[in-house]
2 protein chains.
Amino acid sequence: MERLMHSIKIGINNKLYVKDPESSDLGKRIIEQSILMIDEMGFESFTFRKLGDRIKSNESSIYRYFENKHKLLLYLASWYWGWLEYKMVFATNGISNASEKLRKAIEILTQTVEEDVSFSHINEVLLNKIVINEYSKSYLTKEVDQENKDGYFVIYKRLINRLYEMIVALDPTYPYPSSLASTILEGSLHQYFLREHFPMLTDCNEKITPTDYFMDLAFRALKPTNHA
Amino acid sequence: MERLMHSIKIGINNKLYVKDPESSDLGKRIIEQSILMIDEMGFESFTFRKLGDRIKSNESSIYRYFENKHKLLLYLASWYWGWLEYKMVFATNGISNASEKLRKAIEILTQTVEEDVSFSHINEVLLNKIVINEYSKSYLTKEVDQENKDGYFVIYKRLINRLYEMIVALDPTYPYPSSLASTILEGSLHQYFLREHFPMLTDCNEKITPTDYFMDLAFRALKPTNHA
DNA sequence: ATACTATGATAGTAATACTTTTATATTTGT
DNA sequence: ACAAATATAAAAGTATTACTATCATAGTAT
C-alpha cells in the first residue's frame with residue numbers, strides 16, 4: 001500500500017491553483033509547511049506572509065501558486081478527500097458482500113488517521129486535524145454555489161456518492177441513503193471535534209470511537225436484503 | 001405562545017456583550033440590523049463599520065455593545081439556541097410518554113423556522129439561516145476551549161443535554177445517546193445546508209425534510225423499553 | 001551568449017479591526 | 001430648572017491583512 005501510493009498522484013481540479021505545487025520544490029514546501037502552520041495557529045491566523053517567512057521564501061512567490069489562502073485550503077481538503085477515497089476504494093475493492101463492504105468503507109472513512117506513511121511532504125495526521133477543524137469554513141461561504149459549479153468539491157461529492165452506493169446496495173429500501181452517507185462523513189468529523197473540545201456532547205472517548213458509533217448507527221438503520 | 005414569549009427574556013451570558021443590547025434602542029437596532037446584514041452578505045463580509053453606516057450610527061458606538069463581531073455571532077447564536085430550547089421545553093412539557101416526548105423534541109429542533117412572530121426586533125427565520133450558515137465558525141477556532149470555559153456555549157450544551165435525557169429515558173440501553181443527540185442537532189443544520197447547496201448529497205428536498213430523516217433515524221436506532 | 005523562467009525583494013494600496021480623543025446630545029437626580 | 005452623569009457621534013490614528021505591481025537576479029535551456 002505505501003509503495004503503491006508513492007507512485008500515485010491525487011488529481012486535483014487545476015482551477016484550485018495557479019501553478020501546480022507538486023511541480024516544484026517551492027510548491028511542495030508551500031504545501032508541507034502550510035499544513036504545519038494551519039494546524040499550529042488555525043486558519044484565520046495563518047497568512048501567506050507568515051508562510052513566506054517560515055519557508056524563507058517570499059509572499060509574492062506563494063501567490064504564484066495559490067490565489068489566496070481559501071483556495072489553498074480547498075486544495076488541501078481536496079487532496080485529503082482524494083487520499084481517503086483512494087484508501088477506501090482500495091480497501092473495499094475485492095469485497096462482494098454488501099454488508100462487509102459498507103462496514104469496511106465506514107471504518108476507513110471514520111477512523112483516526114494514525115500515521116504519516118505515504119507522501120513525503122504531506123503529513124496526513126495533521127491534514128486530518130485540519131479537515132476536522134477547518135473544512136466547514138471552505139464551504140460555508142457566499143461563494144459556495146459558484147465554487148461548486150467550478151468543481152472545487154467534486155472529490156468530496158464523489159466520495160459521499162461512493163458511500164451512498166454501498167448503502168443502497170446493502171438496503172435498497174432505506175429511504176435516506178444520501179443523507180445517511182453525508183451524515184456519516186460530516187458527523188464523523190464533528191464527533192472528533194466534540195471529543196476534543198466538548199466531551200459532554202459525545203460518547204466518543206479513548207475507548208469508544210466515532211467509527212464505533214457510526215458503524216452501529218448505520219447498521220441499526222439498514223436492513224440487508226437477501227440478494228446481497 | 002406568542003404572547004407568552006413577548007414577556008420572556010432569553011438569558012445570555014453577560015460576558016458576551018459589553019453593554020446589554022436589550023437595554024437600549026441602539027442596542028436593539030444593532031441586533032436587528034446585524035441579523036439582516038449577516039444574512040445578506042455573510043459573516044466574513046459583515047463589518048461593524050458597514051453596520052454603523054446601515055443603522056446611521058457610529059462604528060465606535062457598536063464597539064460599546066460588542067467587543068467584536070465574533071462575540072456578536074456568539075450572542076446571536078446563544079439567543080437562537082435559547083429560543084429553541086424554550087420552544088422545545090414548552091412543547092414537550094406535558095408529555096409523559098417517552099417516545100412521544102422525543103418525537104416532539106426532534107420535531108421542534110429540526111423543523112424549519114417558518115415565521116417570525118414573537119420578538120419584534122429579532123427575525124427568527126433569518127437567524128435560523130445564519131445559524132445554518134455561520135454557527136460552525138463560532139466554535140471552529142483556536143479559542144474554543146477558553147470560550148467554552150467562559151460559558152459561551154452553555155445554552156447549546158444544555159439543549160443537547162435535554163435531548164440526551166429524552167433519548168436515555170426512551171431507551172436506556174442505547175450506547176451512544178450523547179452522540180446521537182449532538183448528531184441530530186448539528187446534522188440537521190448540515191442537511192439544511194446541503195439541501196440548499198449540494199442537493200446530490202441529501203435526500204431532503206421540498207417534500208422530505210431533515211425532520212423526516214432524523215425522526216426515522218432516531219427511531220430506527222432506539223428501542224423503547226416497556227417501563228416507558 | 002542569450003533568452004526564458006522561477007524566485008526574491010521592495011514598495012504600494014485599500015480595507016479591516018480595532019483604539020483614542022473630543023464633541024455633542026440626552027437623561028436623570030436634586 | 002439646572003448640573004452632572006451618561007450615551008452616542010465624529011474624526012483621526014494604528015497595526016495588520018490581503019493582496020498587486022515593479023524590478024532585480026539566479027539558474028536553465030537552446
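On a predicted model such as this, the values are computed, not experimentally measured, just so you know. When reading the values below, keep in mind they use all heavy atoms of this one structure, side chains included, and skip hydrogens, waters and symmetry mates.
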Peer 1: Let me know the distance between CE of Met41(B) and P of dA15(C), rounded to the nearest Å.
Peer 2: 14 Å
Peer 1: May I have the distance from Phe66(A) (atom CZ) to dA18(D) (atom C1'), rounded to whole angstrom?
Peer 2: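 Those two atoms, CZ and C1', are 17 Å apart.
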Peer 1: In whole angstrom, what separates Arg29(A)'s CZ from dG8(C)'s C1'?
Peer 2: 12 Å
Peer 1: Examine distances only and state if a side-chain atom of Thr211(A) and a backbone atom of Thr110(A) form a donor-acceptor pair shorter than 3.5 Å.
Peer 2: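 Judged by distance alone, yes, a pair lies under 3.5 Å.
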Peer 1: With respect to the phosphate group of dA21(D), does any side-chain polar atom (N or O) of Tyr63(A) fall under 4.0 Å of OP1 or OP2?
Peer 2: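 For dA21(D), neither OP1 nor OP2 has a side-chain N or O of Tyr63(A) closer than 4.0 Å.
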Peer 1: Distance check: side-chain N/O of Ser61(A) vs OP1/OP2 of dG8(C), anything under 4.0 Å?
Peer 2: yes
Peer 1: Measure from the side chain of Lys69(B), starting at C-beta and using heavy atoms only, and say which of dG8(C), dA17(C), dA9(D) lies closest.
Peer 2: dA17(C)
Peer 1: Need to verify one output field. Residue with the more 5' nearest nucleotide on DNA chain C, Lys56(A) or Phe48(B)?
Peer 2: Lys56(A)
Peer 1: Would you tell me if any nitrogen or oxygen in the side chain of Ser60(B) comes within less than 4.0 Å of OP1 or OP2 on dA7(D)?
Peer 2: no
Peer 1: Nearest whole angstrom, please: distance from the P of dT10(C) to the CG of Asp53(A).
Peer 2: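 Whole-Å distance recorded here is 12 Å.
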Peer 1: Of all the choices, dA9(D), dT7(C), dT8(D), which nucleotide is nearest to the side chain of Ser24(B) once you look at every atom?
Peer 2: dT8(D)
Peer 1: In whole Å, what is the span from the CD1 atom of Ile30(A) to the P atom of dT7(C)?
Peer 2: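 From Ile30(A) CD1 to dT7(C) P: 8 Å.
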Peer 1: Look at the side chain of Glu59(B) and decide which nucleotide, out of dT7(C), dA17(C), dG8(C), has an atom nearest to it.
Peer 2: dA17(C)
Peer 1: Look at the side chain of Ser57(B) and decide which nucleotide, out of dA9(D), dT16(C), dG8(C), has an atom nearest to it.
Peer 2: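 Minimum distance to the Ser57(B) side chain belongs to dA9(D).
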Peer 1: Rounded to the nearest Å, what distance is computed from the CG atom of residue Asn58(A) to the C1' atom of nucleotide dC19(D)?
Peer 2: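 Atom-to-atom, Asn58(A) to dC19(D), this comes out as 13 Å.
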Peer 1: Tell me: CZ of Arg64(A) to C1' of dA21(D), nearest whole Å?
Peer 2: 10 Å
Peer 1: Examine distances only and state if a side-chain atom of Asp39(B) and a backbone atom of Leu36(B) form a donor-acceptor pair shorter than 3.5 Å.
Peer 2: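 A pair under 3.5 Å: no.
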Peer 1: On the nucleotide dT8(D), are OP1 or OP2 found under 4.0 Å from the side-chain N or O atoms that Lys19(B) carries?
Peer 2: yes
Peer 1: Verify the contact: side-chain N or O of Lys50(B) to OP1 or OP2 of dT16(C), cut-off strictly under 4.0 Å; return yes or no.
Peer 2: yes
Peer 1: Kindly say if Tyr65(B) contacts the phosphate of dT8(D), meaning a side-chain N or O under 4.0 Å from OP1 or OP2.
Peer 2: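 Affirmative; the distance criterion is met.
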Peer 1: Could you pick out which residue, Leu26(B) or Arg49(B), lies toward the 5' side of DNA chain D when each is mapped onto its nearest nucleotide?
Peer 2: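 That would be Leu26(B).
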Peer 1: Decide if atom NZ of Lys71(B) counts as having more than 12 heavy atoms of other residues, nucleotides or ligands within a radius under 6.0 Å.
Peer 2: yes
Peer 1: Main chain of Lys15(B), side chain of Asn13(B): is a donor-acceptor contact present, judged purely on distance under 3.5 Å?
Peer 2: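 Yes: the side chain of Asn13(B) pairs with the backbone of Lys15(B).
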Peer 1: Which is it for Ser45(A) and Lys50(A) under the side-chain contact (heavy atoms from CB on, under 4.5 Å) test, yes or no, and what are the steps along the way?
Peer 2: CA-CA 9 Å; Ser45(A) 297; Lys50(A) 289 174 187 169; 4.2 Å; yes
Peer 1: Can you tell me the distance, in whole Å, between the CG atom of Leu51(B) and the C1' atom of dC18(C)?
Peer 2: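 For the pair Leu51(B) CG and dC18(C) C1', the rounded distance is 15 Å.
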